[in-house]
Amino acid sequence: SFIFIKKQRDTLTDEFHPPKPPIIKGWLFKLGALVVNVRKRYVVINPDQGTFMRFKEIADYPNKPV
């Protein structure tokens with residue numbers, strides 16, 4: 001009946017919550033044509049906000065993005 005279907009629908013939506021993607025923080029190294037040309041950047045990837053921020057040093061986080 002209608003009451004059973006409504007209860008079943010409510011329990012299905014209450015049980016399943018997709019996992020939240022993590023915020024990724026770490027160092028990124030970019031190598032040029034020669035090994036001498038190495039760029040080191042601290043990056044923060046936030047999938048909730050859809051942002052990719054990079055910084056020269058950890059001390060620059062979060063106020064001075066490149």
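In what follows, residues are counted from 1 in the order of the sequence shown.
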Grouping I, L, V, M, F, W and Y whenever their side-chain heavy atoms are under 4.5 Å apart, do Ile24 and Val44 come out in a common cluster?
no
Is there a path of hydrophobic side-chain contacts, each under 4.5 Å between heavy atoms, that joins Phe29 and Tyr42?
yes
Return all side-chain donor-acceptor pairs below 3.5 angstrom for residues 49-66, not counting sequence neighbours, or 'none' if the list is empty.
residue : atom : partner : partner atom : Å
Asp60   : OD2  : Glu57   : N            : 3.4

Non-hydrogen atoms of Pro47 and Ile23 that approach each other most closely:
CD-CA, 4.3 Å
State the CZ-CH2 distance between Arg41 and Trp27, to the nearest 0.5 angstrom.
9.5 Å
